[in-house]
Asker: 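Dropping the structure in here first, questions after.
So that the names make sense, note that chain A is the first sequence line, chain B the second, and so on, each numbered from 1. Since the model is a prediction, treat every value here as computed from it, not as a measurement.
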Number of protein chains: 2
Amino acid sequence: MRIDDIDEQIVVRLRDDGRASFATVGAAVGLSASAVKRRVDRMLDAGVITGFTAVVDPEALGWTTEAYVELWCAPSSTPAQVLAVAARHPQVVSAATISGEADALVHVRATSVHDFERVLERIGADPAVVRTKSAIVLSRGVLRT
Amino acid sequence: MRIDDIDEQIVVRLRDDGRASFATVGAAVGLSASAVKRRVDRMLDAGVITGFTAVVDPEALGWTTEAYVELWCAPSSTPAQVLAVAARHPQVVSAATISGEADALVHVRATSVHDFERVLERIGADPAVVRTKSAIVLSRGVLRT
DNA sequence: TCTGAAATTAAGACGTA
DNA sequence: TACGTCTTAATTTCAGA
């Protein structure tokens, strides 16, 4: 899909405030509300904008423990299978196969260190996973997801 | 702040659709639109809900290269300083200090491998950073951020 | 792309339990 | 304190130019 300059400006405004009215966005980018809506609908259809969401403070909801886990997978299993293993747990925020020593990197948010330990055990217990190596997050710098 | 069961349900709905109307959310959780609005406003004030945003497909906007970079920082510098270094680059999606061997882990999105190399060089050139070790993302599994 | 009208929604005031 | 209802202003949505 073709994204022009105005589309990008619209995306920037909507990332900044996902509930901004089309009229407000239009005023900022120099279009009418309906023109903005049509562009947004088009980007939603094309998958450029996946959707809208509320940004929540994990700590406030009790997700106080955060960690990154490197995964080594068995020779007989594919990294894709390992990702599937990770995705089964609701504590897994993201998972990706990577270059380098480990095969995959998993981002986990748990309600406690104990909760994290449980997830780690379950992931490690899967036959597709040979070894794990985890690093607990001490403090957050940026989070621009 | 006290979050009750209904608040959590509201958060779930708004995470699923950040532009859902208060009436729609209310119908789902058994409240009137104004009651939902009051609760959402309260959660916004309390910082439980940080805001609303459009979820964008990075690939569609040209951010095709993704990587994780481990950082080792100089003895004279604090991990917090290292995070600040990372945060200066718009390509840095997130940064956190971690336990384990490395001092920090940085999540980067760049427009190309070349673009990523440039960021990596700049971060590595900072006096607070002693060493970096990066892993390029090969494929994404989940991304529930 | 804009305009304009109809339907929907947001936002706030008011009364109640 | 928290809820629902009601009212008004703003917004969305879709038609047509």
Side-chain angles (χ1 to χ4, degrees), chain A residues 1-64 90 109 111-112 143-145, chain B residues 1-64 90 111 143-145:
Chain A
M1 177 193 174
R2 256 199 87 66
I3 302 290
D4 66 13
D5 205 55
I6 296 179
D7 287 323
E8 277 205 64
Q9 284 183 55
I10 292 173
V11 167
V12 169
R13 308 282 170 170
L14 287 178
R15 278 185 56 117
D16 186 56
D17 177 8
R19 281 182 88 97
S21 74
F22 296 131
T24 305
V25 175
V29 305
L31 284 180
S32 68
S34 56
V36 173
K37 183 191 185 305
R38 234 171 295 117
R39 282 168 176 263
V40 171
D41 285 343
R42 199 163 51 93
M43 287 192 276
L44 280 167
D45 284 341
V48 175
I49 298 176
T50 306
F52 296 90
T53 189
V55 183
V56 171
D57 175 18
E59 305 255 345
L61 290 180
W63 301 85
T64 52
R109 276 193 199 276
T111 56
S112 66
L143 190 51
R144 276 197 276 259
T145 317
Chain B
M1 177 194 173
R2 254 198 89 64
I3 302 290
D4 67 14
D5 205 55
I6 296 179
D7 287 324
E8 276 205 66
Q9 285 183 56
I10 292 173
V11 167
V12 169
R13 309 281 169 172
L14 287 178
R15 278 185 56 115
D16 185 56
D17 177 8
R19 282 183 88 97
S21 73
F22 296 131
T24 304
V25 175
V29 305
L31 284 181
S32 69
S34 58
V36 173
K37 184 191 184 305
R38 269 191 295 263
R39 281 168 177 264
V40 171
D41 285 343
R42 198 165 52 94
M43 288 192 277
L44 280 167
D45 283 342
V48 175
I49 298 176
T50 307
F52 296 90
T53 188
V55 183
V56 171
D57 176 19
E59 305 255 345
L61 290 180
W63 301 83
T64 53
T111 56
L143 189 52
R144 278 197 273 260
T145 317

Asker: For a quick check of understanding: with a heavy-atom distance under 4.0 Å over all strands, which category does B/Arg19 fall into, base, sugar-phosphate or nothing?
Answerer: sugar-phosphate
Asker: Rounded to whole Å, how long is the line connecting atom CG of B/Asp41 with atom C1' of D/dC3?
Answerer: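 So the two atoms are 15 Å apart, to the nearest Å.
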Asker: Nearest of D/dT12, C/dC2, C/dG12 to any side-chain atom of B/Ser34?
Answerer: C/dG12
Asker: Rounded to the nearest angstrom, tell me the gap between atom CZ in A/Arg42 and atom P in D/dC14.
Answerer: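 Answer to the nearest Å: 17 Å.
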Asker: For D/dC3, does OP1 or OP2 lie under 4.0 Å from any side-chain N or O of B/Arg39?
Answerer: yes
Asker: Is A/Ser21 near enough to D/dT11 that one of its side-chain N or O atoms lies under 4.0 angstrom from OP1 or OP2?
Answerer: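 Checking A/Ser21 against D/dT11: at least one side-chain N or O falls below 4.0 Å of OP1 or OP2.
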Asker: With a 4.5 Å heavy-atom cut-off, do B/Met43 and A/Val56 have their side chains touching?
Answerer: no
Asker: Run the numbers on B/Val48 and B/Arg39 for side-chain contact (heavy atoms from CB on, under 4.5 Å), then give the verdict.
Answerer: CA-CA 11 Å; B/Val48 175; B/Arg39 281 168 177 264; over 6 Å; no
Asker: Ignoring hydrogens and angles, does a donor from either the side chain of B/Arg38 or the base of D/dG4 sit under 3.5 Å from an acceptor on the other?
Answerer: yes
Asker: Please evaluate residues A/Arg19 and B/Leu14 with respect to the criterion side-chain contact (heavy atoms from CB on, under 4.5 Å), reporting the C-alpha separation (whole Å), side-chain torsions for both, the decisive distance (0.1 Å), and the verdict.
Answerer: CA-CA 11 Å; A/Arg19 281 182 88 97; B/Leu14 287 178; 3.8 Å; yes
Asker: Grab the CG-P distance between A/Leu44 and D/dT13 for me, whole Å please.
Answerer: 11 Å
Asker: Write down the distance between CG (B/Leu31) and P (D/dT5), rounded to a whole number of angstrom.
Answerer: 11 Å
Asker: OP1, OP2 of C/dA10 versus side-chain N and O of B/Lys37: anything below 4.0 Å?
Answerer: no
Asker: Thinking salt bridges, do A/Asp17 and A/Arg13 make one under a 4.0 Å N-O criterion?
Answerer: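 Salt bridge flag = no for A/Arg13 with A/Asp17.
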Asker: Nearest-Å distance, CD1 (B/Ile6) to P (D/dA2)?
Answerer: 11 Å
Asker: Which whole-number value in Å describes the distance from B/Arg2 CZ to D/dA2 P?
Answerer: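 Value for this atom pair: 11 Å.
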Asker: Hey, what do you get for CG (A/Asp7) to CG (A/Asp4), rounding to the nearest 0.5 Å?
Answerer: 4.0 Å
Asker: Give the nucleotide from the list C/dA10, D/dC3, D/dT11 with an atom nearest to the side chain of B/Phe22.
Answerer: C/dA10
Asker: Ignoring the backbone of A/Ser32, work out which of D/dA2, C/dT3, C/dA10 is nearest its side chain.
Answerer: C/dT3
